[in-house]
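Heads up, the thing below is written out as structure tokens.
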Amino acid sequence: QEHYGGLNGLTITWIGDGNNILHSIMMSAAKLGMHLRIATPKGFEPDLRITKITEQYSKEYGTKLLLTRDPLEAADGANVLVTDTWISMGQEEEKEERLKAFQGYQITMQTAKSAASNWTFLHCLPRKPEEVDDDVFYSPQSLVFQEAENRKWTI
């Protein structure tokens, strides 16, 4: 909101694990007037209960929701590209399996070519290079440090 001046009508794209951060976005995006596009690998989808609620919110608030396995399809026309860690605390034993499952889900400048011309990037940190490459993470479109500062004020 700080960057775009408002959220209504923006498209936010999540590429990665169907985790708690995605669940929070799913529960709020439609209420804020944002279209949501989600790409997750098979077996790493968001919770089905959350998905059903999100589908209802999209209908209620007139926003669009897309769930896909294709990161480029999800990124198509996105204003905001978002990812998070693929290996959360307590999942360290699953590291090899997860890295294999998430091949092709790294956010890169190639991903960003599918996005809107005014795209930005968010990640709640800490970030691993397999999730997003340096070109995107350190680009002028990356708002990760502003995002981190804003979280500081909510604590």
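In this structure the side chain of Pro46 reaches within 4.5 angstrom of the side chain of Thr40, judged on heavy atoms. With contacts defined as side-chain heavy-atom distances shorter than 4.5 Å, the pair Ile87/Phe102 does not qualify. The shortest distance between side-chain heavy atoms of His35 and Leu65 does not fall below 4.5 Å. Side-chain contact between Met26 and Thr51 is present, with heavy atoms from C-beta onward closer than 4.5 Å. No side-chain heavy atom of His3 sits under 4.5 Å from any side-chain heavy atom of Val80. The shortest distance between side-chain heavy atoms of Ile25 and Ile38 does not fall below 4.5 Å. Within the 4.5 Å cutoff, the side chain of Asn118 has heavy atoms near those of the Tyr4 side chain. For the pair Phe44/Arg69, no side-chain contact is recorded, criterion being any heavy-atom separation below 4.5 Å from C-beta on.
Note that OG1 of Thr111 is 12.0 Å distant from CG of Asp76, once rounded to the nearest 0.5 Å. For the atom pair CD1 of Ile12 and CG of Leu122, the computed distance is 6.5 Å after rounding to the nearest 0.5 Å. To the nearest 0.5 Å, atoms NE2 (His23) and CE (Met27) are separated by 10.0 Å. The line from CG of Asp135 to CD1 of Ile107 is 13.5 Å long, rounded to the nearest 0.5 Å. If you take CG on Leu10 and CG on Asn8, they are separated by 8.0 Å, rounding to the nearest 0.5 Å. Interatomic distance, CD of Gln141 versus CG of Leu81, reported as 10.0 Å (0.5 Å rounding).
Ion pairing of Glu94 with Lys100 is absent here, as no side-chain N (NZ or NE/NH1/NH2) approaches a carboxylate O to less than 4.0 Å. Between Arg127 and Asp134 there is a salt bridge, with a side-chain nitrogen of the basic residue lying less than 4.0 Å from a carboxylate oxygen of the acidic one.
At least one donor-acceptor pair closer than 3.5 Å links the side chain of Glu45 to the backbone N or O of Gly43. Looking only at distances, no side-chain donor or acceptor of Arg98 sits under 3.5 Å from a matching main-chain atom of Ser88. Using a distance-only test at 3.5 Å, with no hydrogens or angles considered, a donor-acceptor pair links the side chain of Glu92 to the main chain of Gly90.
Here the closest heavy-atom approach between residue Ser24 and residue Ser28 is recorded as O-OG, 3.0 Å. The shortest heavy-atom contact between Ala39 and Pro71 is CB-CA, 3.7 Å. Across all non-hydrogen atoms, the minimal contact from Pro41 to Gly16 is CD-O, 3.7 Å. Taking both residues in full, the closest heavy atoms of Gly9 and Asn79 are given as O-OD1, 4.5 Å, listed atom of the first, atom of the second, then distance. Across Glu130 and Trp86, no two heavy atoms sit closer than the pair O-CH2, 2.7 Å.
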### Task
Go through the steps to decide whether Trp14 and Asp84 satisfy the test side-chain contact (heavy atoms from CB on, under 4.5 Å), and finish with yes or no.
CA-CA 9 Å; Trp14 176 273; Asp84 184 32; 3.3 Å; yes

### Task
Check the pair Glu73, Arg37 against side-chain contact (heavy atoms from CB on, under 4.5 Å), reporting the backbone distance first and the verdict last.
CA-CA 8 Å; Glu73 179 184 16; Arg37 302 171 69 85; 4.2 Å; yes

### Task
Just do the side-chain contact (heavy atoms from CB on, under 4.5 Å) check on Met109 and Val136 with the steps written out, would you?
CA-CA 6 Å; Met109 284 298 183; Val136 171; 4.1 Å; yes

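Other residues, nucleotides and ligands contribute over 12 non-hydrogen atoms within 6.0 Å of the CD atom of Glu60. Summarising the local packing, CD of Glu96 is surrounded by 12 or fewer heavy atoms from other residues, nucleotides or ligands at distances under 6.0 Å.
Taking hydrophobic clusters as Ile, Leu, Val, Met, Phe, Trp and Tyr residues chained together by side-chain heavy-atom distances below 4.5 Å, Ile50 shares a cluster with Val82. In the hydrophobic cluster analysis, where Ile, Leu, Val, Met, Phe, Trp and Tyr join through side-chain heavy atoms closer than 4.5 angstrom, Val132 is grouped apart from Leu72. Taking hydrophobic clusters as Ile, Leu, Val, Met, Phe, Trp and Tyr residues chained together by side-chain heavy-atom distances below 4.5 Å, Ile21 shares a cluster with Leu67. Placement of Ile53 and Leu36 within a single hydrophobic cluster is found when ILVMFWY residues are connected by side-chain heavy-atom separations under 4.5 Å, directly or transitively.
Residues in residues 130-155 take part in these ring-ring contact (aromatic ring centres under 6.0 Å, His included) pairs, two or more places apart or across chains: Phe137-Phe145.
No side-chain donor-acceptor contact under 3.5 Å links Thr108 and Gln110.
Applying the side-chain hydrogen bond (donor to acceptor under 3.5 Å, both in side chains) rule to Thr83 yields no partners; only residues at least two apart in sequence or on another chain are considered.
Ring geometry for His123 against Phe121 counts as tilted: the plane angle lies between 30° and 60°, on a 0 to 90° scale.
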